[in-house]
*Asks:* 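Quick one: the structure is below, questions incoming.
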Amino acid sequence: ARVAALAQATVADPLHFSSSFLNPAILATSPSPEILISHTQWVQDVRAEFLGASAPFSFGKLGFALSNLNIGGIEAREIPGAPLSTFAAHSAILQLLFATSITDDISLGTNFKYIYEKIYVDETSGYSVDLGLLYRPPLDGLFIGASLTNTGSMSGFRTAASDLPTSLQAGAMYRIAGEEFDISVDGAFVHETKTGRNRVNAASELDYDDTLLLRLGYQTGYESHGITTGLGFRYSILNFDYSYIPWSLSLGNVHVFSIGFRL
């Protein structure tokens with residue numbers, strides 16, 4: 001939910017475990033084990049569930065995630081008219097992450113994904129690899145990150161192969177710490193390597209006493225949406241996050257709920 005509320009601009013943001021799935025090098029920055037559970041109510045009754053966890057070791061940090069996306073109630077027809085039945089489409093991704101700090105200021109990470117999809121009776125599977133870099137310059141509060149995501153291949157549905165949305169991302173985060181309020185600003189440039197499209201994501205987070213967090217972001221390059229919003233609440237080891245993303249073109253709105261534990 002935090003990444004969604006911040007417009008997916010957190011490619012250089014080490015403040016939350018969830019940013020590791022945009023840039024796996026971020027995984028190396030947290031010294032403690034973490035667990036993240038998330039539910040997404042997407043447009044047109046599309047639902048997604050996510051479970052992730054990470055733990056530090058002497059050689060680096062390992063992470064694991066399992067996600068599932070479900071689209072139900074798809075109508076099946078052989079001729080125009082009333083549907084004969086309904087069916088569902090499913091997509092599941094298993095992710096294994098590893099990250100390590102090669103110096104005090106530079107971290108590297110990778111994320112291996114196994115992908116499975118099924119629509120009616122047709123199935124496909126494949127793999128993908130993400131690579132990431134995180135750099136902390138001498139300026140306090142500044143982080144710079146870059147990642148290459150979704151490089152891999154899928155087998156075909158019947159005869160047509162699926163293309164993965166490979167993208168190159170680069171961005172920065174700057175955080176200003178105060179006595180009660182902290183403000184962070186995130187920005188990312190995204191280049192889709194197969195379509196040639198470019199996008200800019202930008203967002204800001206206001207943190208009150210490390211307890212209440214307000215978020216606002218904007219994504220360019222989409223006809224159906226742009227603004228992203230959300231909030232977070234922290235207490236002891238518990239993090240609760242929520243994001244709301246309004247969509248146009250009668251598609252509905254996106255709600256994402258996440259619960260995290262930093263042990």
Side-chain angles (χ1 to χ4, degrees), residues 1-36 38 50-67 93-115 127-152 164-175 184-193 198-203 205 217 239 241 258 260 262-263:
R2 181 178 185 268
V3 170
L6 293 176
Q8 297 187 12
T10 60
V11 68
D13 190 328
L15 301 180
H16 201 279
F17 170 45
S18 58
S19 297
S20 304
F21 299 96
L22 292 178
N23 179 357
I26 291 174
L27 185 68
T29 62
S30 176
S32 58
E34 297 184 59
I35 300 172
L36 178 64
S38 182
F50 176 91
L51 170 64
S54 66
F57 296 90
S58 59
F59 52 84
K61 194 167 184 181
L62 295 176
F64 159 86
L66 180 63
S67 57
I93 304 176
L94 172 65
Q95 304 184 61
L96 299 174
L97 300 86
F98 170 72
T100 186
S101 297
I102 59 174
T103 71
D104 291 341
D105 300 322
I106 299 176
S107 299
L108 300 176
T110 185
N111 182 6
F112 177 82
K113 305 174 188 175
Y114 172 76
I115 306 165
Y127 71 93
S128 172
V129 178
D130 299 349
L131 301 173
L133 166 70
L134 184 68
Y135 171 57
R136 183 172 185 172
L139 179 61
D140 188 35
L142 178 64
F143 290 86
I144 298 172
S147 65
L148 179 65
T149 60
N150 296 318
T151 62
L164 293 175
T166 306
S167 64
L168 179 63
Q169 306 181 58
M173 185 209 75
Y174 184 61
R175 184 174 180 85
S184 61
V185 178
D186 292 90
F189 173 80
V190 182
H191 172 68
E192 298 177 358
T193 62
N198 298 319
R199 301 196 310 273
V200 175
N201 303 333
E205 178 180 72
N239 294 326
D241 296 294
S258 295
R262 178 169 290 182
L263 307 178

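Residue numbers count from 1 along this sequence.
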*Asks:* Please name the residue in the list Val11, Ile106, Thr29 that meets the side-chain contact (heavy atoms from CB on, under 4.5 Å) test with Leu134.
*Replies:* Thr29
*Asks:* So, does Ser128 use its side chain to make a donor-acceptor pair with the main chain of Gly152 at under 3.5 Å?
*Replies:* no
*Asks:* Taking C-beta and beyond as the side chain, do Pro33 and Pro56 meet within less than 4.5 Å on heavy atoms?
*Replies:*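 The answer is yes; the side chains approach within 4.5 Å.
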*Asks:* Check the orientation of Phe112 and Tyr127. Use parallel for under 30°, tilted for 30 to 60°, and perpendicular for over 60°.
*Replies:*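 The rings of Phe112 and Tyr127 lie parallel, inter-plane angle below 30°.
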*Asks:* Is the closest side-chain heavy-atom distance between Leu15 and Arg175 below 4.5 Å?
*Replies:* yes
*Asks:* Return the CE to CD1 distance between Met173 and Ile144, rounded to the nearest 0.5 Å.
*Replies:*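 Result: 11.0 Å between the selected atoms.
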*Asks:* Are the side chains of His16 and Glu34 in contact, using a 4.5 Å heavy-atom criterion?
*Replies:* no
*Asks:* Report the C-alpha distance between Ile26 and Phe17 in whole Å, list the side-chain angles of each, state the deciding distance to 0.1 Å, and finish with yes or no for side-chain contact (heavy atoms from CB on, under 4.5 Å).
*Replies:* CA-CA 8 Å; Ile26 291 174; Phe17 170 45; over 6 Å; no
*Asks:* Without swapping roles, check the side chain of Lys61 against the backbone of Ala25 for a donor-acceptor pair under 3.5 Å.
*Replies:*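 Here the side-chain-to-backbone pair does not exist.
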*Asks:* For Ser258 and Arg2, what are the C-alpha separation, side-chain angles and deciding distance, and is it a side-chain contact (heavy atoms from CB on, under 4.5 Å)?
*Replies:* CA-CA 8 Å; Ser258 295; Arg2 181 178 185 268; over 6 Å; no
*Asks:* Okay, side chain of Ser19, backbone of Asp13: is any donor-acceptor separation there less than 3.5 Å?
*Replies:*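 Side chain of Ser19 to backbone of Asp13: a pair is present.
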*Asks:* For the atom pair OG1 (Thr100) and CG (Leu108), what is the distance rounded to the nearest 0.5 Å?
*Replies:* 8.0 Å
*Asks:* Going through the distances and angles, do Leu6 and Glu205 end up as a side-chain contact (heavy atoms from CB on, under 4.5 Å)?
*Replies:* CA-CA 8 Å; Leu6 293 176; Glu205 178 180 72; 4.2 Å; yes
*Asks:* Measure the CG-CZ distance between Leu27 and Phe98 for me, rounded to the nearest 0.5 Å.
*Replies:* 9.0 Å
*Asks:* Can Tyr135 and Asp105 be said to form a side-chain contact (heavy atoms from CB on, under 4.5 Å), step by step?
*Replies:* CA-CA 6 Å; Tyr135 171 57; Asp105 300 322; 4.2 Å; yes
*Asks:* For the residue pair Gln95 / Asn111, report whether a side-chain donor-acceptor contact shorter than 3.5 Å exists.
*Replies:*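 On atom types as modelled, these side chains qualify, holding a pair under 3.5 Å.
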*Asks:* What pair of heavy atoms forms the shortest contact from Ala12 to Ala172, and how long is it?
*Replies:*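 Smallest heavy-atom distance, with atoms named: CB-CA, 3.7 Å.
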*Asks:* I'd like to know if the side chain of Asn201 and the backbone of Ala9 have a donor-acceptor N/O pair within less than 3.5 Å.
*Replies:*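 Judged by distance alone, no pair lies under 3.5 Å.
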*Asks:* If you round to the nearest 0.5 Å, how far is OG1 of Thr110 from CG of Leu97?
*Replies:*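 The CG atom of Leu97 sits 8.0 Å away from the OG1 atom of Thr110.
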*Asks:* Please give me the minimum heavy-atom distance between Ser38 and Ala1, naming the atom from each residue.
*Replies:* OG-N, 4.4 Å
*Asks:* Find the distance between OG (Ser147) and CG (Leu133) and round it off to the nearest 0.5 Å.
*Replies:* 9.5 Å
*Asks:* Side-chain donor-acceptor pair under 3.5 Å between Thr149 and Ser167, yes or no?
*Replies:* yes
*Asks:* Does Ser30 reach the side chain of Arg262, with side-chain heavy atoms less than 4.5 Å apart?
*Replies:*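 SC-SC contact between Ser30 and Arg262 confirmed.
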*Asks:* Is any side-chain heavy atom of Phe50 closer than 4.5 Å to a side-chain heavy atom of Leu36?
*Replies:* yes
*Asks:* Out of curiosity, Asp186 CG to Leu22 CG, how far, rounded to the nearest 0.5 Å?
*Replies:*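 Result: 10.0 Å between the selected atoms.
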